[in-house]
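Only heavy atoms go into these numbers, but all of them, side chains included; no hydrogens, no water, no symmetry mates.
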Amino acid sequence: MLSTGLIAIDATILATAVPSIVRDLGSYQQFPWLFSVYLLAQAVSVPIYSRFADTVGRKPIILLGIALFLLGSILCGLAWSMPALIAFRVVQGLGAGAVAPMSMTIVGDIYTVAERAKVQGYIASVWAVSSVVGPALGGVFAQLDAWRWIFLINIPLCLLAAWVLLRRYKEQKQTQRHRIDYLGAVLLTVGLTGVILGLLEGGNAWEWLSAPSALCFGAGIAALVLFALVERRAPEPIVDLRLVSRRLILTTTLVSLGVGALMIGVTSFAPTYLEGSLGIVPLLSGLAVAALTLGWPIAAANVGRLYLRIGFRRTTLIGMSIASVAAIVLASVASWPNPYVLAVIAFVLGFGLGWSAAPTLIAAQSSVEWGERGAVTGMNAFARSAGSAVGVAVFGAISNAIISQGAGPDDPGTIVHASVGVFIAVAVTALLTLLAASFMPRDRVESYSG
């Protein structure tokens, strides 16, 4: 719970201070990179950490993640320019890539399916507290022109989480040796980086139909194709594509991909939308967005009772239906910015996501034996991180394209117009995720009880 709190607070505390950071360091067009490089580093490192965890155990990996997150936070707090801050966010992302999946894997190791319905409430309470504390702290630091403390506040939190883990978490040593697929990791990193760079800078730093754009997308797609070929032959692939041949794993992975994109689409762009269009203070915009991360844990804390009765598939479909309706309403009313309306919609959207994310993860974990649980959990976490990274790149490309054709980032009307485009893309993503959830196999929770 303490380790999860690091990631939960970081998910909400930064977005509210983006305008303050831009005023201090400049480069409005580069601000999506603060999120995308963090998520990219997290996404590509998750499978590697998952493999190492099967070799040396969960505890050393989660402690390594906390240490990297601590180092990245200190460096971010000392950043002197936007490029430096972006680079240091990579270090933070590498830390989060270990903390997030190891926390979920440890819970999957320790508790049964029925027990996890209750434990999910404890984990959800961390997100509930963070959803209020994160935006509030971010808004306060931004108003005080002390945005660096958004990162420095992580220092005592990291030290506390590491100290408790060292003292309280006892893990049996693992003796089985594994081969790490380094080539696959490199190809995956190059592929995702090329595609995301092309999406972020296309139409901004260069034209969509240009040599740099072709180079980014060409190299990225080629690397991903090679990655798929390498993974098919690797003795222990960094991402076991054979797992994706199972219908449940494939559909839950696709849902996680969509959930990651949906959450980042609102939490990253809604604060700028409210502050740029209405001129409200960062604290208020942060609290409006916090409604999403408050609705999520409230739903997750109670979803166990639902999926134990009606199954994982039906629960996920209900959750994604709620999220889709909320996303469509958000796109429909975005032309008339109102923080209270946004807060209500964000709460409903978060509630729907909370009823979707937890059941898909638990269903995937519970369908495999212990030896595959780390890989399945890592794939789920990788999909959500990759969805967030690609999502922020796509949404950022849409926003930047509209702003470049308008009156610039200081014009309220242009900000509203750009935000409407982003929220329409969010609604489309929600509907596609709902479609993916509909292909989950019909189930009964009793079949996963072993």
Side-chain angles (χ1 to χ4, degrees), residues 1-17 21 33-53 56-79 84-107 123 126-127 129-131 133-135 137-138 141 147-169 185 189 260 263-264 267-268 293 377-378 381-382 384-386 388-389 392:
M1 289 173 67
L2 288 169
S3 302
T4 300
L6 298 173
I7 311 303
I9 291 178
D10 192 76
T12 57
I13 195 172
L14 179 61
T16 55
I21 296 174
W33 278 96
L34 293 176
F35 302 95
S36 61
V37 297
Y38 173 90
L39 295 166
L40 175 62
Q42 183 179 8
V44 299
S45 63
V46 162
I48 301 173
Y49 288 130
S50 298
R51 285 300 181 191
F52 273 116
V56 300
R58 325 295 198 205
K59 186 174 182 178
I61 299 301
I62 195 171
L63 289 173
L64 173 63
I66 292 173
L68 286 172
F69 195 83
L70 173 62
L71 175 62
S73 298
I74 295 173
L75 292 174
C76 286
L78 301 175
L85 181 59
I86 291 171
F88 297 148
R89 284 282 285 172
V90 173
V91 181
Q92 264 195 317
L94 292 174
V99 174
M102 286 306 102
S103 299
M104 293 186 292
T105 304
I106 290 169
V107 170
I123 301 297
V126 176
W127 286 92
V129 173
S130 300
S131 68
V133 173
L137 282 176
F141 290 145
W147 60 264
R148 296 179 187 276
W149 281 97
I150 287 174
F151 303 104
L152 299 179
I153 195 68
N154 290 327
I155 296 176
L157 300 179
C158 288
L159 295 176
L160 177 61
W163 180 71
V164 174
L165 276 169
L166 284 169
R167 290 197 52 170
R168 295 295 183 183
Y169 178 42
T189 303
M263 187 168 184
I264 202 69
T267 57
S268 296
T293 46
T377 304
F382 166 76
R384 189 181 300 182
S385 299
S388 296
V392 78

List for me each residue that meets side-chain contact (heavy atoms from CB on, under 4.5 Å) alongside [X], sequence neighbours excluded, and say none if there are none.
X     : answer
Leu63 : Lys59, Ala162, Leu165, Leu166
Ile7  : Tyr38, Phe69, Ala96, Val99
Tyr49 : Ser45, Ile61, Leu64, Leu68, Leu94, Ala98
Thr4  : Ser103, Ile123, Val126, Trp127

- Message: Filter on salt bridge (Lys or Arg N to Asp or Glu O under 4.0 Å), then keep only pairs touching residues 149-163, sequence neighbours left out; what's left?
- Response: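 Those involving residues 149-163 do not exist here.
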
- Which residue pairs pass the salt bridge (Lys or Arg N to Asp or Glu O under 4.0 Å) test with at least one member in residues 92-103, sequence neighbours excluded? none

- Item | Residue pairs involving residues 88-97 (criterion side chain to side chain donor-acceptor pair (under 3.5 Å); sequence neighbours excluded) | Asp10-Arg89, Ser73-Gln92, Arg89-Gln92

For [X] and [Y], which heavy atoms make the closest approach, and how far apart are they?
X      : Y      : answer
Leu78  : Arg148 : C-NH1, 3.5 Å
Phe88  : Leu75  : CD1-O, 3.1 Å
Pro101 : Thr377 : O-CG2, 3.8 Å

- Query: About how many Å separate CZ of Arg384 and CD1 of Ile264, when rounded to the nearest 0.5 Å?
  - Reply: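 Between Ile264 CD1 and Arg384 CZ, I get 12.0 Å after rounding to 0.5 Å.
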
- Item | Qualifying residue for side-chain contact (heavy atoms from CB on, under 4.5 Å) with Ile155, from Ile153, Leu157, Leu152 |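 By the side-chain contact (heavy atoms from CB on, under 4.5 Å) criterion, Ile155 pairs with just one of Ile153, Leu157, Leu152: Leu152.
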
- Item | Side chains of Asn154 and Leu70 in contact at under 4.5 Å (non-hydrogen atoms) | no

